[in-house]
Amino acid sequence: MKATFKTTLQKVMNLAWQFIKKNGMTLSEALKVAWLNIKLRAQMQTRIVKFHFQKVDGSIREAYGTLQSSFLPATKGTGRTPNETLQTYFDTEKQEYRCFKKANLISVTL
């Protein structure tokens with residue numbers, strides 16, 4: 001239990017520093033968004049989650065997504081290195097994979 005908490009804190013701090021360096025956020029803003037991203041990913045592992053994020057064009061998108069293996073289609077490896085600034089999820093409305101910038105996450109409905 002203690003090791004998982006420590007690992008989670010390490011992920012939060014790494015993500016927060018990434019937001020500060022790349023997006024110019026304050027430490028407070030970065031930590032809030034980092035925790036929100038960690039909570040979203042944990043919830044998507046177990047169920048379908050409703051969340052909101054800001055698209056690149058500035059509009060707000062409401063999405064229903066999951067990472068639960070029972071909902072995911074079969075995938076083939078692309079050989080690409082994953083982009084650490086993006087969160088990929090399976091959109092249950094469009095029935096396809098989507099992604100958004102982690103720094104643009106606004107809210108998660110738990």
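We number each residue from 1, following the sequence as shown.
- There is no path of hydrophobic side-chain contacts, each under 4.5 Å, that joins Leu67 to Phe90.
- If you chain together hydrophobic residues whose side chains sit under 4.5 Å apart, Leu9 and Leu31 fall into the same group.
- Judged by distance alone, the side chain of Ser59 and the main-chain N or O of Lys55 form no donor-acceptor pair under 3.5 Å.
- By the ring-ring contact (aromatic ring centres under 6.0 Å, His included) test, Phe19 is found to be paired with no residue, residues two or more places apart in sequence or in another chain being considered.
- Both Leu27 and Ile38 are assigned to one and the same hydrophobic cluster, defined by single-linkage of ILVMFWY side chains at heavy-atom distances under 4.5 Å.
- Between the side chain of Thr66 and the backbone N or O of Met44 there is at least one donor-acceptor pair closer than 3.5 Å.
- No continuous path of ILVMFWY side-chain contacts below 4.5 Å connects Ile60 to Val108, so the two sit in separate hydrophobic clusters.
- Cluster partners of Ile48, by chain and number: Tyr64, Phe71. The rule joins Ile, Leu, Val, Met, Phe, Trp and Tyr whenever side-chain heavy atoms lie under 4.5 Å apart.
- Residues in residues 12-24 take part in no side-chain hydrogen bond (donor to acceptor under 3.5 Å, both in side chains) pair, two or more places apart or across chains.
- With a 4.5 Å cut-off on side-chain heavy atoms, Leu105 and Phe100 count as touching.
- Cluster annotation: Val56 is not connected to Phe53 through the hydrophobic network of ILVMFWY side chains, with a link wherever side-chain heavy atoms come within less than 4.5 Å.
- Residues Arg41 and Gln87 are in side-chain contact: their nearest non-hydrogen atoms beyond the backbone lie under 4.5 Å apart.
- Taking NE2 from His52 and CD1 from Ile106, the interatomic distance works out to 8.0 Å, rounded to the nearest 0.5 Å.
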